[in-house]
Number of protein chains: 2
Amino acid sequence: MPREHKDPEEKIRERNIRLIIKAGIEIFSRKGYDGTRIAEIAEASGLPKANVYYYFSSKEQIYTAIIEHLLEGWDNALKYITADREPADAFRLYIRAKLDYTRKNIAESRLFASEIIQGARFLKKKDRQHIRDVTDKHVAVVEGWIAEGKILPVDPRHLFIMLWASTQFYADFEPIAADGLKKSRLKVEDYEMAAKTIAETVLRGVLPHA
Amino acid sequence: MPREHKDPEEKIRERNIRLIIKAGIEIFSRKGYDGTRIAEIAEASGLPKANVYYYFSSKEQIYTAIIEHLLEGWDNALKYITADREPADAFRLYIRAKLDYTRKNIAESRLFASEIIQGARFLKKKDRQHIRDVTDKHVAVVEGWIAEGKILPVDPRHLFIMLWASTQFYADFEPIAADGLKKSRLKVEDYEMAAKTIAETVLRGVLPHA
DNA sequence: TAGTAAGTTGACACTTTGGTCAGGTTTTGT
DNA sequence: ACAAAACCTGACCAAAGTGTCAACTTACTA
């Protein structure tokens, strides 16, 4: 067990932890929790295994640190659904931001997906609660729009699941998405086309008249 | 290595293989490939580990047998997109069938998702080709509908990804879907509501006038 | 610049795991 | 009933995995 350190802002410490987290994201995302070996994280981060254990007392601690870390980044893409925007703009921004974020953070996305598929074993209660709170807020906004007649009456929760699922898919299931698009790998243009298709379809699906 | 057997329809063999596959689906889906231990599959299937190895020569062989097995079942839900149907009916049937299949085969769905997230390491070339072929066929049908003016010009490939992603999500990411819906677990009604929302939204999104 | 805190690491202990095997029992065909 | 084929399994490896530790080096501080 590593000793308690005093914790001013240290240089070496920060750098090494960053390296470990970065390597961890990459490897956990490809191998899942159980499939990942600390030795591999050590190698990928350029540190000897024992040094990894100097900073983290267990595999689980590395993993949960990563989960914590990626949940922070998540929130940013989800801030576009606000009542003062027009629904069309809000959804378009949301879809683009989400696709952009997942494209630039594919490993994190997959790691999170892996964690959920395997039953959210290490996702803390407070983190799940946070996700629920954010969802509730967005749902309330959509319900407001429905009440104002700005969008058609559609179940907001299922609607968000649709958006989340559709945007997430390109990163999490890239091999299948690429096969479906007849590409060998996805490029930026594919993500742009995805944003366009999802936005157009969903907007026509929820906006009145049109 | 197990010897070659003559292979008439055997009773014991079939039963044991079925038990192993069944247990394997359950455990591989929860733990991923690397996280699964043969001993656990053995225990869950009620057979001693050595007996499992009597029927399968390696962990990988069990795993690929399962993948093969679930891809067969997959095709059935995907047969509803045919040119002689009206688009609205075809999409509705497709969405319902897909959600139904995933709901009744959650473990398989997750296993497949796990496999893809981890880079489709064991998905054979021919299986990927098969998926591509089926997609191509469906894409052609949708393109036909577009040419006839029966649906709006939308990228068929991204459209199918949207549908696949949305339907898949409820099974693969059940904890998150449940959180999003403010339920502790998903029930049949939730899947029905999902089908309704997805179908309504997408249909309004791709059908003309409406 | 001396002393202490922080960081580093090879080697090791212990456990788990995939896979093997030799010899046993049951089933099947004749 | 007999032999052959199919089936079963406890005991056993070698490899790989997690986590530990004592001794060493480097970095900071007064």
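Labels below follow one simple rule: chain letters A, B, ... track the order of the sequence lines, proteins then strands, and each chain is numbered from 1. What you see is a predicted model, and the numbers here were worked out from it, not measured in a lab.
- For dC8(D), the OP1/OP2 oxygens have a side-chain nitrogen or oxygen of Tyr55(B) closer than 4.0 Å.
- Contact annotation: Asn51(B) side-chain N/O to dT9(D) OP1/OP2 distance is under 4.0 Å.
- Between Arg103(B) and Asp100(B), at least one side-chain nitrogen of the basic residue sits less than 4.0 Å from a carboxylate oxygen of the acidic one, meeting the salt-bridge criterion.
- Considering CD1 of Ile176(B) and CD1 of Ile131(A), their distance stands at 4.0 Å, rounded to 0.5 Å.
- Contact detail for Ile20(A) and Val52(A): the closest heavy-atom pair is CD1-CA, 4.1 Å.
- When distances run from any side-chain atom of Ile12(A) to the nucleotides dC7(D), dG10(C), dA27(D), the shortest one goes to dA27(D).
- In this model, the phosphate group of dA6(D) is not approached by any side-chain N or O of Asn16(B) to a distance below 4.0 Å at OP1 or OP2.
- Listed pair Arg13(A) / dA6(C) fails the phosphate criterion, with no side-chain N or O lying under 4.0 Å from OP1 or OP2.
- Straight-line distance from the CD1 atom of Ile41(B) to the P atom of dG19(C): 11 Å, rounded to whole Å.
- The CD atom of Glu43(A) sits 18 Å away from the C1' atom of dT8(C) (whole-angstrom rounding).
- Rounded to whole angstrom, the span from the NZ atom of Lys11(A) across to the C1' atom of dA27(D) amounts to 13 Å.
- Taking atom OH of residue Tyr54(A) and atom C1' of nucleotide dG10(C), one finds them 17 Å apart after rounding to whole Å.
- Judged as a salt bridge (charged side-chain N to carboxylate O under 4.0 Å, His left out), the pairs with a partner in residues 41-68 of chain B (not counting sequence neighbours) are, in order, Glu68(B)-Lys126(B).
- Whole-Å rounding puts the Arg15(A) CZ to dA27(D) C1' distance at 14 Å.
- Remark: P of dT8(C) and CD1 of Ile17(A) are 11 Å apart, rounded to the nearest angstrom.
- When ring centroids are compared, Phe169(B) and His158(A) stay outside the 6.0 Å threshold.
- In this structure, Ile20(A) places its CD1 atom 11 Å from P of dG7(C), rounding to the nearest Å.
- With respect to the salt-bridge test (charged N to carboxylate O, under 4.0 angstrom), the residues Arg157(A) and Asp179(B) do not qualify.
- Atom P of nucleotide dT16(C) and atom NZ of Lys31(B) are separated by 14 Å, given to the nearest angstrom.
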Please produce a list of atom pairs where a protein N or O lies less than 3.5 Å from an N or O of nucleotides 17-19 of chain D.
| residue | atom | partner | partner atom | Å |
| --- | --- | --- | --- | --- |
| dG17(D) | OP1 | Arg37(A) | NE | 2.9 |
| dG17(D) | OP1 | Arg37(A) | NH1 | 2.2 |
| dT18(D) | OP1 | Thr36(A) | O | 3.1 |
| dT18(D) | OP1 | Ile38(A) | N | 3.4 |
| dT18(D) | OP1 | Lys59(A) | NZ | 3.4 |
| dT18(D) | OP2 | Ile38(A) | N | 3.1 |
| dG19(D) | OP2 | Tyr53(A) | OH | 2.8 |
| dG19(D) | OP2 | Lys59(A) | N | 3.1 |
| dG19(D) | N7 | Lys49(A) | NZ | 3.1 |
| dG19(D) | O6 | Lys49(A) | NZ | 2.4 |

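- In summary, the side chains of Glu108(B) and Tyr101(B) do not present any donor paired with an acceptor at a separation below 3.5 Å, with no hydrogens or angles considered.
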